[in-house]
2 protein chains.
Amino acid sequence: MADKPAATAATQEGQARTKMGAVKMDDIARMAGVSKSTVSRALSGSPLVNEETRARIQALVESHSYRVDTRAQGLRKGHTHTIAVVIPLLHEHDQPISDPFFLELLGHIADAVADHGYDLLLSKIGPGRTNGMADLVDTGRVDGLIAIGQSTAHLGLERLAARGMPLVVWGAQLPEQHYVTVGSDNRAGAERAVAHLIAQGRRRIVFLGQRTVPEIRLRHEGYVAALAAAGIEPDPALDVPTRFASAAALTAMRSLIAGGASFDAVFACSDVIAISAIRALQDQGLKVPQDVAVVGYDDIQMAAFYNPALTTVRQDTATGGRLLVDLLFAQIAGRPARSVMLPTELVVRASCGAALSGTTTPGSR
Amino acid sequence: MADKPAATAATQEGQARTKMGAVKMDDIARMAGVSKSTVSRALSGSPLVNEETRARIQALVESHSYRVDTRAQGLRKGHTHTIAVVIPLLHEHDQPISDPFFLELLGHIADAVADHGYDLLLSKIGPGRTNGMADLVDTGRVDGLIAIGQSTAHLGLERLAARGMPLVVWGAQLPEQHYVTVGSDNRAGAERAVAHLIAQGRRRIVFLGQRTVPEIRLRHEGYVAALAAAGIEPDPALDVPTRFASAAALTAMRSLIAGGASFDAVFACSDVIAISAIRALQDQGLKVPQDVAVVGYDDIQMAAFYNPALTTVRQDTATGGRLLVDLLFAQIAGRPARSVMLPTELVVRASCGAALSGTTTPGSR
DNA sequence: ATGAAAGCGCTAACAA
DNA sequence: TTGTTAGCGCTTTCAT
């Protein structure tokens, strides 16, 4: 590890940097026999620079693999070319949760951000400290914020938006809300899923999810609406709160079963929760979907591969992620941005006990 | 959304910013009746500043919620206080994969980075373009790099390390390698798992994973070693390459079955792959573990909740993530850093058909 | 078509 | 203990 660099160093004649002392715009200028300003212009594609000069500069830039210092550039131009993604739920109870849904969404956001030529800062700021989010832009680290899940931060988010901070959040669209959200139609998605369960002849349907989260509250409304449409009175005993982690869901389901509750279906507020619930049911010798039908939410990749394959409400993370980013850039550019509610799709597979002839298996369609 | 800010604005007397025009250090200095330098000193906890002055400055800073501009600070001090995490596999074939293992590791890295008071830049640079990684630090965007999975970028990573760039990669420890890695003992982990399968009486064991990835190659070595120890000759027909995505694994497994291969166990190179494989087996009416025993790798949270619960080789993402970060900071500080190989643990659950009396179910221990 | 000079917001000598 | 003066590396008037 000692001589290799030296050897390489001897190769290039200019040898800009061996380890430190990166080449700067001034250096390129000197070598090209022009001024800093000209180099700057050449690099930013200004038309007021001689083609020949530009070529000479380009060559130098290449051969020395010079890159403009974005930090200095940003300081001068007043922006950062990076946006932050904040995932409150990433640190539920100081333990990273690992819901695949987040990574899927994050992946799409990363793509979209990169397409705009921006960098992405991932922040672990919790929902409690929205001023932490504000700092991110106040200290000139990012140009805007994307929050995934409003969680309990609603008020804080309102404050940020009121301050004119570029901000888009993935989550529920609340009444009287002043910040921009992108999210699926939680109410309709849940209603549709529960209606489907009812159509299968299920009547005692468990609601598995924590209603303190705005999106979950909307899903609960959909649940209630579907029941109402069928003339069913919601039973409080079947309203089971649980966090998004597998273990929490398992525990919740187990104690429901232990409590002797009677039910024939479960509407779980995420696929991860659904999977844990199924596990708990099977452990007790209950068959899914025969004894208990289960529907999840999200349609994470693994949903199709579980056994039984999971019926679930698909959230379109691809267009969601892109929209999140587009709306943020609109705000940064000073253009108006309006909240968007994405339609959901009920993906019927085996776990809900629907027309088994049509069981959707991955790859089979 | 129009009058709220105005109302709030009237509340605070100083009213630093309504929307733009963030307050700067100069402003605080003027208000405090001191110079910029004094403010700078006060804020950085310098001992050469009068306590009373410091208090006055602090008060102003609070009331105007002033934050120093990290971009300017970094420009001056020569660092960025942010490090980049590059996940090559995040964009296999232009499609984001969503292996929970990555999120778990990423979460721990995020924690550790935050503990150091640094920011985390998430980059989608692919394994092919390691010069893209170099740019990240050359353009002054980050102080160092963490690559998750060396994938096919080995040579590029070597070059970066040779240039003296702070870099740590999660992956396999290759011979003659000049960059620092953190990773589990892939060879031993795989060997142990396969040996366990053999101990259950299985002899025809499928290897499910792509050997072009260094870590997978090591796992294959372990697989071969375990077979050899039992006097079993590896059958090339049972060496099934597959990418990390669920769909790819499903396809691979299906065509193996369709090809009429005979086998009684599967060693899958990730839990996601294992789950898809089980799905494929069950679709064909094969029982797991009775007909085919399956072992996975990673021990993602969901492994315990699958049906059957997955026997798997646990990789300790918590200490892995922390180590990755610690070693990177060591390099940044100019301290020496040595590669670390983490021990793995075989977590025996139902899918491998081991002593079923002891089936490990989540929460039951 | 190019150069000189003035900053972007901050820190770090060097003085006082 | 505090202020003054230079920059960090770049962009951008304003001249030429």
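Reminder, nothing fancy here: chain letters follow the sequence lines and each chain counts from 1. All values reported here derive from a predicted model rather than from experimental measurement.
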- Item | Pairwise salt bridge (charged side-chain N to carboxylate O under 4.0 Å, His left out) hits with a residue in residues 327-339 of chain A, at least two apart |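 Salt bridge (charged side-chain N to carboxylate O under 4.0 Å, His left out) check on residues 327-339 of chain A returns no pairs.
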With sequence neighbours left out, write down each residue that passes side-chain hydrogen bond (donor to acceptor under 3.5 Å, both in side chains) with [X], or none if nothing qualifies.
X       : result
S40(A)  : none
T139(B) : R141(B)
D115(A) : R322(A)
S339(B) : T181(B)

- Message: I want to check one thing: is the phosphate of dT1(D), taken as OP1 and OP2, less than 4.0 Å away from some side-chain N or O of T53(B)?
- Response: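 The answer is no; no side-chain N or O of T53(B) sits under 4.0 Å from OP1 or OP2.
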- Hey, is the side chain of Y66(A) poking within less than 4.0 Å of OP1 or OP2 on dG9(D), counting only N and O atoms?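 Y66(A) to dG9(D) OP1/OP2: no side-chain N or O under 4.0 Å.
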- Query: If you look only at pairs with a residue in residues 143-167 of chain B, which of them pass as a ring-ring contact (aromatic ring centres under 6.0 Å, His included), with sequence neighbours excluded?
  - Reply: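 Applying ring-ring contact (aromatic ring centres under 6.0 Å, His included) to every pair that reaches into residues 143-167 of chain B, excluding sequence neighbours, yields H154(B)-Y179(B).
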- Please, which pairs that meet side chain to side chain donor-acceptor pair (under 3.5 Å) have at least one residue in residues 41-53 of chain A, sequence neighbours excluded?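 As it turns out, the side chain to side chain donor-acceptor pair (under 3.5 Å) pairs with a partner in residues 41-53 of chain A, which skip direct neighbours, are E51(A)-R54(A).
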- Task: Write out all pairs satisfying side chain to side chain donor-acceptor pair (under 3.5 Å) with one or both partners inside residues 76-87 of chain B, taking only residues at least two apart or from two chains.
- Result: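 Found T80(B)-D143(B).
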- Near DNA chain C, which residues from residues 68-77 of chain A have a heavy atom under 4.0 Å away?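 Heavy-atom cutoff 4.0 Å gives L75(A), R76(A).
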- Query: Taking DNA chain C as the partner, which of residues 37-51 of chain B come within under 4.0 angstrom of it by heavy atom?
  - Reply: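 The stretch gives S37(B), S40(B), R41(B) as the residues lying under 4.0 Å from the strand, ordered by number.
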- Item | Residue from V169(A), L324(A), V182(A), L327(A) passing side-chain contact (heavy atoms from CB on, under 4.5 Å) with I146(A) |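 Per the side-chain contact (heavy atoms from CB on, under 4.5 Å) rule, the option paired with I146(A) is L324(A), out of V169(A), L324(A), V182(A), L327(A).
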- Are the side chain of R56(A) and the backbone of A32(A) linked by a donor-acceptor contact shorter than 3.5 Å?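 Side chain of R56(A) to backbone of A32(A), a donor-acceptor pair under 3.5 Å: yes, one is there.
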- Query: S63(B) side chain to L60(B) main-chain N or O, any donor-acceptor pair under 3.5 Å?
  - Reply: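 Confirmed, S63(B) side chain pairs with L60(B) backbone.
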- Task: Return the orientation label for the H116(A) and F329(A) ring planes: parallel under 30°, perpendicular over 60°, tilted otherwise.
- Result: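 Taking F329(A) first and then H116(A), their aromatic rings lie parallel (interplane angle under 30°).
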- Item | Flag side-chain contact, heavy atom, 4.5 Å: H64(B) against D27(B) |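 Heavy-atom side-chain distance check fails, nothing below 4.5 Å.
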- Task: Write down the distance between NE2 (H81(A)) and C1' (dG9(D)), rounded to a whole number of angstrom.
- Result: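 Answer to the nearest Å: 17 Å.
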- Query: Roughly how many Å is it from NZ in K36(B) to P in dG3(D), rounded to a whole number?
  - Reply: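 Distance check: K36(B) NZ to dG3(D) P gives 13 Å.
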- Query: On DNA chain C, which is the earliest and which the latest nucleotide, 5' to 3', with an atom closer than 4.0 Å to a heavy atom of chain B?
  - Reply: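 Extent of the interface on DNA chain C: dG9(C) to dA13(C).
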- If an axis is fit to five pairs at each end of the helix from dA1(C)-dT16(D) to dA16(C)-dT1(D), what is the angle between the two, to the nearest 10°?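 The helix from dA1(C)-dT16(D) to dA16(C)-dT1(D) shows an end-to-end axis angle of 40°.
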